[in-house]
Protein chains: 2
Amino acid sequence: MFTDATGLSTSRFLPLGGKAGAKPAGVPASPLDGASLPGAPMRAGRDAEIIAQGARAEYCYRIVAGCVRTVKLLEDGRRQVGAFLFAGDLFGWDAGGEHAFAAEAVTDVTLRRFKISDVEERAATDHTFATRLRRYLIAQIGVARNHLVLLGRKTAAERIASFLTEMTDRLDSRPGSGIDLPMSRADIADYLGLTVETVCRGLTELRRHGTVTVDRTRIVIRDRAALGQSTGVRLH
Amino acid sequence: MFTDATGLSTSRFLPLGGKAGAKPAGVPASPLDGASLPGAPMRAGRDAEIIAQGARAEYCYRIVAGCVRTVKLLEDGRRQVGAFLFAGDLFGWDAGGEHAFAAEAVTDVTLRRFKISDVEERAATDHTFATRLRRYLIAQIGVARNHLVLLGRKTAAERIASFLTEMTDRLDSRPGSGIDLPMSRADIADYLGLTVETVCRGLTELRRHGTVTVDRTRIVIRDRAALGQSTGVRLH
DNA sequence: CGTGGGGTTGAATTGTGTCAATCAACGTGG
DNA sequence: CCACGTTGATTGACACAATTCAACCCCACG
């Protein structure tokens, strides 16, 4: 399931030692960056389970490259995807208890693994690190709360528009050039609290209106304004 | 809207100076407890807006007594309640930017207000405090993620059963004695991503099956096992 | 060149929302 | 102290958005 990649050069993605080297483009600032702890380099193949649901929380991870989903599975098969995570993101951060969500590789993934106790120790001795970590956690709370609004109050069409906007913001390096969605329609559906069919219909509807171009995984936003409108806007 | 309660003795609820005094029953452990920062005592009346949606994040709050809801309002009137908060809980914790959610008093509320910059400073000099704060934030992430599953994948009946279970766990000091829900049906509906009518129907259904007794705000769980079953259980 | 898994589309079904009426509780002022 | 208006809760009838069930397509892969 896991490939320990000790022998593999990951320096392409992030400085190993943690001192020199500019951060490569596309990798956002995050705690547990180069300068922090060493972290064990790892790889996980497509659909590999990185964290099992219910497992004791001992390790957390930072993504170097690739995409990860967090997943909660109900006994009758219903599934909720909690988040999609990309390079720079942390996960497995359920300090103390069990992992409430599983974490699975959406694509082949390069990771760094950290013992949670090591991270806590580091936080206890390095204020700057602790502050960055705290900021990151607070941001995560904001992201989750925002998603609550989507799941609780938005229509199918609005959810899909919001999703495309979110993914474009996170993945589209050169605005307008389009993105390749790494995840399946089923993943998207379970992230948005919909069915695969509804996601499809929503996408074809947007295509029909000329708002986006869709070809399997390839998405290009044609009319950003229209997409924004479909999002189900903010503030009273 | 606010009543500055400087002249008011809140020592009934929590030690002011922050050294002596046992924690009163019903107030769970949390950071920003007595021993931390002073914090300005405040009061807010029923339905008062404590934090405005979109306001610059400058202060955060700990609840001493009463109930608070966090709310996001969409321009067409749709509303999502992010969380219900009780004694010991913190809110307003959107460090750095704006408050994405408003915070409103569900009941009359006694609070302590803290400057976020003061809290950050304290965290930078007191590892123990920083750790407790971090643990609390992580727990909040867990709570939010759990709610994602409810909103994304549970049926109306399951949401209502989950809600009653949650509230009983948090409010019922003497198990089986029942609770008084401080919030309206509309609040419950907006928390669960439903309408008032659906919440009502769900409650009467549970009543009809003898699972709970409902009389306006008063709720008594009669058959905890049956309620647990209706919850839409965990783990695959 | 079959085979199978994801994706898309169509038709039927249903859970939940919408609209509307009634009821109960409460505060207010005559 | 009671009539009244107001607000929240409950119930019913109906509508509709999204799910379910089903068929089909397309491409990747053995």
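In what follows, chains carry the letters A, B, and so on, assigned in the order in which the sequence lines appear, proteins first and then strands, with residues in each chain numbered from 1. None of the values given here were measured: they were computed from a predicted structure.
At whole-Å resolution of the value, CZ in B:R207 and P in D:dT10 are 7 Å apart. Atom CZ of B:R216 is separated from atom P of C:dC23 by 16 Å (rounded to the nearest Å). Note: CD (B:E158) to C1' (C:dT16) measures 14 Å, nearest angstrom. In this structure, CD of B:E205 is placed 12 Å from P of C:dT16, rounded to the nearest angstrom. Whole-Å rounding puts the A:R159 CZ to D:dA17 C1' distance at 11 Å. Rounded to an integer number of Å, the gap from A:D76 CG to D:dT20 P is 11 Å. Remark: P of D:dA9 and CG of B:L203 are 10 Å apart, rounded to the nearest angstrom. Between B:E197 atom CD and D:dA13 atom C1' the separation is 13 Å, expressed in whole Å.
Judged by atom type and distance alone, B:R201 does not reach the base of C:dG15 through any side-chain donor-acceptor pair under 3.5 Å.
At least one side-chain nitrogen or oxygen of B:T204 sits closer than 4.0 Å to the OP1 or OP2 atom of D:dT11. Applying the 4.0 Å criterion to OP1 and OP2 of C:dG17, one finds that B:T198 has a side-chain N or O inside that range. Regarding contacts with the backbone of D:dT10, a side-chain N or O of B:R185 is found under 4.0 angstrom from either OP1 or OP2.
Remark: B:R218 CZ is packed, more than 12 non-hydrogen atoms of other residues, nucleotides or ligands lying under 6.0 Å away.
Between A:R153 and B:D190 a salt bridge is recorded (basic side-chain N to carboxylate O distance below 4.0 Å). Classification of B:R170 and B:E166 as a salt-bridged pair holds, one side-chain N sitting under 4.0 Å from a carboxylate O. Using a 4.0 Å cut-off between charged side-chain N and carboxylate O, B:D187 and B:R79 make a salt bridge.
Within the nucleic acid shown, B:L194 comes within 4.0 Å of sugar-phosphate atoms alone, with no base atom in reach, counting heavy atoms only. Within the 4.0 angstrom heavy-atom criterion, only backbone atoms of the sugar-phosphate kind lie near B:G193; the bases stay farther away.
Sequence order on DNA chain C of the closest nucleotides to A:A186 and B:T155 puts A:A186 first from the 5' end.
The aromatic ring centroids of A:F114 and A:Y61 lie 6.0 Å or more from each other.
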